[in-house]
Trainee: 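Following this message is one structure expressed as C-alpha cells.
Indexing begins at 1, ligand by ligand and atom by atom, following the structure's order.
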Amino acid sequence: MEAAAAAIHNAASLGSPVPRIRTATRRSACVAARSTPSGSSSRGDWQTACAILSSTNDNPAPAPKVNGQRTDLAPPQDSTSTSLDLAAVSTTNLKRPLSISDLSPAPLHGAQLRVAYQGVPGAYSEAAAGKAYPSCDAIPCDQFEVAFQAVELWIADRAVLPVENSLGGSIHRNYDLLLRHRLHIVGEVQLPVHHCLLALPGVRRELLARVISHPQALAQCEHTLTRMGLNVAREAHDDTAGAAEHVATHGLRDTAAIASARAAELYGLSVLADGIQDDASNVTRFVMLAREPIIPRTDRPFKTSIVLAHDREGTSLLFKVLSAFAFRDISLTKIESRPHRHRPIRLVDDANVGTAKHFEYMFYIDFQASMADVRAQNALAEIQEFTSFLRVLGSYPMDMTPWDSTAPSPASSSSTDQQQSG
Ligand SMILES: O=C(O)C(=O)C[C@]1(C(=O)O)C=C[C@@H](O)C=C1
C-alpha cells in the first residue's frame with residue numbers, strides 16, 4: 001500500500017507544519033508527532049511515524065459456494081491428484097498459530113503507552129495526557145474524532161479528551177462522540193488551566209488588533225480581556241497551542257494567542273499577561289478512553305458515567321431517574337442533555353389547538369459510585385425499566401488529586417487505569 005509507506009523525519013524548524021494525525025490520512029496511513037508531555041521534548045525531538053494498516057490479505061473472503069459446498073474445501077476434480085502432494089505445500093504461506101503473546105492485552109508491560117489527544121504540543125490536552133499517564137507517548141490529533149479513531153484502529157492505546165470546564169461548561173462535541181463510538185471511559189483527570197496572553201517578542205498590547213485561541217479559552221478569558229482594554233476581534237482556532245503556533249509561523253505582529261506558558265516556550269513567543277482566566281480556579285475535566293473497560297472496584301472513590309433516552313411518550317423521566325439515585329443515597333456529579341440524533345422532534349397532535357413539537361434528548365449522567373457497588377447496580381436495574389436506551393460509558397476512579405489551582409499542569413500524581421490494574 002503506497003500511501004501507507006513508513007516515513008520518519010524530524011520537524012526541526014518552526015516553519016514546518018506540525019505533523020499530527022489528520023483526518024484525511026487516517027484510513028490509509030497516519031502521521032503522528034510524538035512528545036513526552038512532561039515537557040521534556042522539543043520540536044526537534046518529534047518524530048513522525050506511519051501506522052500501516054495491513055495491505056496483505058491475511059484473511060481472504062471465504063471461497064464462493066457451489067451447490068451449497070465451499071469450493072476451497074471441495075475435493076480435487078482431477079482423480080490423478082487425490083493424494084497429498086507435501087512438496088507443493090509452501091511453509092511460508094501457512095498461518096502461524098496464535099501464541100500467548102498475541103493474546104496479551106496491549107500495551108505490554110514496560111512498553112510506552114501511546115495516548116492520543118486533540119491539538120498540537122503545548123495544548124492543555126497534552127498536559128492532561130501527561131497527568132493521566134506520566135511519561136506516555138503523546139500523539140497529537142487534528143480533531144477529537146481522529147483521537148477516537150486512533151484508539152479504535154490501535155494507533156493509540158488511550159485517548160484523553162476534555163468534557164467540561166468550570167467556566168466554559170461542557171464540550172458538547174465529545175459527548176456526542178462518546179455515544180457514536182464504542183470506547184470506554186477508564187479514568188478522569190482534572191487539570192487547572194492557567195492561560196497566558198502570548199505575542200511575538202517586542203509586540204506591545206496597544207498594537208494588537210486580534211486575539212485568537214480555542215473557543216473554550218476565549219470564553220474562559222472573556223471578562224479579563226475586556227478589563228485589560230483589549231476590545232479587539234476574537235477569533236476561534238482549533239486549539240490554544242495551535243493558535244500560538246499560527247502567530248509564530250506567520251509572524252503576526254498584530255495578533256496575540258491565548259495559550260499555556262509551555263506553548264510560549266515551544267513557539268518562541270513572549271508572555272504579555274499571565275493568569276488571564278476569569279477565575280483563578282479554572283479547571284478542565286478530561287476523560288481517558290480505552291478499547292476495554294476497567295474492572296470497577298469499591299476500595300476507592302469511583303464515578304460512573306451513563307447515557308440514557310426514553311422514546312415513548314410519558315412524563316417525569318428525569319424525576320424517576322433522579323429518584324433511583326436519591327433513594328440509594330448516590331450523589332450525581334453531572335447531568336448533560338444533547339439532542340436525540342435519531343429522533344430529535346416528537347410531534348404531539350392536539351386537533352383543537354395544533355401540533356406541539358417537543359425536542360427529544362439523550363441524558364448523560366455521572367454519579368458517584370462504582371458499578372461494583374450493589375446500590376449502583378440496583379439503581380441502573382430500576383432505570384432500565386422506564387428507559388428505552390441505557391448505556392454505561394464507564395466506571396472509573398475519581399481524580400482525587402489535592403487541589404492546587406496555581407499548578408499550571410501537574411504531571412505527577414494521577415488516578416489512572418494503569419495504577420488501577422497495577
Ligand atoms: O486547546 C487546547 O489547548 C485544549 O487542550 C482544548 C481545551 C478544551 O477543549 O476545552 C482544553 C482545555 C481548556 O479548557 C481549553 C481548551
Trainee: For ligand 1, indicate whether the residue Glu126 contacts it via side chain, backbone, both or neither (heavy-atom separation under 4.0 Å).
Mentor: neither

Trainee: Hey, does Asp238 come in under 3.5 Å of ligand 1, counting only N/O atoms on both sides?
Mentor: no

Trainee: Which part of Pro162 is near ligand 1, with near meaning a heavy atom under 4.0 Å away: side chain, backbone, both or neither?
Mentor: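 Near ligand 1, Pro162 shows its side chain, while the N, CA, C and O stay back.
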
Trainee: Hey, would you say the Tyr364 and His172 ring centroids sit under 6.0 Å apart?
Mentor: no

Trainee: Between Asp239 and ligand 1, which part of the residue brings a heavy atom under 4.0 Å of the ligand: side chain, backbone, both or neither?
Mentor: both

Trainee: Salt bridge or not for Lys334 and Glu336, using N-O below 4.0 Å?
Mentor: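 Salt bridge present between Lys334 and Glu336.
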
Trainee: Which atoms of ligand 1 have any heavy atom of Thr284 under 4.0 Å away?
Mentor: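 So the atoms of ligand 1 that pass are 12 (C), 13 (C), 14 (O).
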
Trainee: I want to check something: taking the side chain as every heavy atom from C-beta on, are Leu207 and Arg253 in contact at a cut-off of under 4.5 Å?
Mentor: no

Trainee: What protein heavy atom sits nearest atom 11 (C) of ligand 1, and how far away is it?
Mentor: Phe286 CZ, 3.9 Å

Trainee: As an exercise, identify every atom of ligand 1 less than 4.0 angstrom from a heavy atom of Gln216.
Mentor: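 Every atom of ligand 1 under 4.0 Å from some heavy atom of Gln216: 10 (O).
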
Trainee: Quick test of your reading of the structure: of Pro215, Gly122, Ala263, Ser125, whose heavy atom lies closest to atom 6 (C) of ligand 1?
Mentor: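 Among Pro215, Gly122, Ala263, Ser125, the closest heavy atom to atom 6 (C) of ligand 1 comes from Ser125.
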
Trainee: Could I get the full list of ring-ring contact (aromatic ring centres under 6.0 Å, His included) partners for His181, not counting sequence neighbours?
Mentor: Phe148

Trainee: List the closest protein heavy-atom neighbour of atom 8 (C) of ligand 1: residue, atom name, distance to the nearest 0.1 Å.
Mentor: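 Among all protein heavy atoms, the one nearest atom 8 (C) of ligand 1 is His214 CE1, 3.7 Å.
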
Trainee: Against heavy atoms of Asn165, which atoms of ligand 1 measure under 4.0 Å?
Mentor: 14 (O)

Trainee: Tell me, yes or no, whether the heavy-atom count around Glu292 atom CD, taken from other residues, nucleotides or ligands under 6.0 Å, exceeds 12.
Mentor: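 Open.
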
Trainee: Which part of Ile171 is near ligand 1, with near meaning a heavy atom under 4.0 Å away: side chain, backbone, both or neither?
Mentor: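 The answer is the side chain of Ile171.
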
Trainee: Return the option from Asn174, Thr240, Leu191 holding the heavy atom at the smallest distance from atom 3 (O) of ligand 1.
Mentor: Thr240

Trainee: Between Asp373 and Arg297, is there a side-chain N and carboxylate O pair less than 4.0 Å apart?
Mentor: no

Trainee: Which residues pass the ring-ring contact (aromatic ring centres under 6.0 Å, His included) test with Phe363, sequence neighbours left out?
Mentor: none

Trainee: Which pair of non-hydrogen atoms, one from Gly187 and one from Tyr396, has the smallest distance, and what is that distance?
Mentor: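 Reported closest heavy-atom pair: N-CB, 3.5 Å.
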
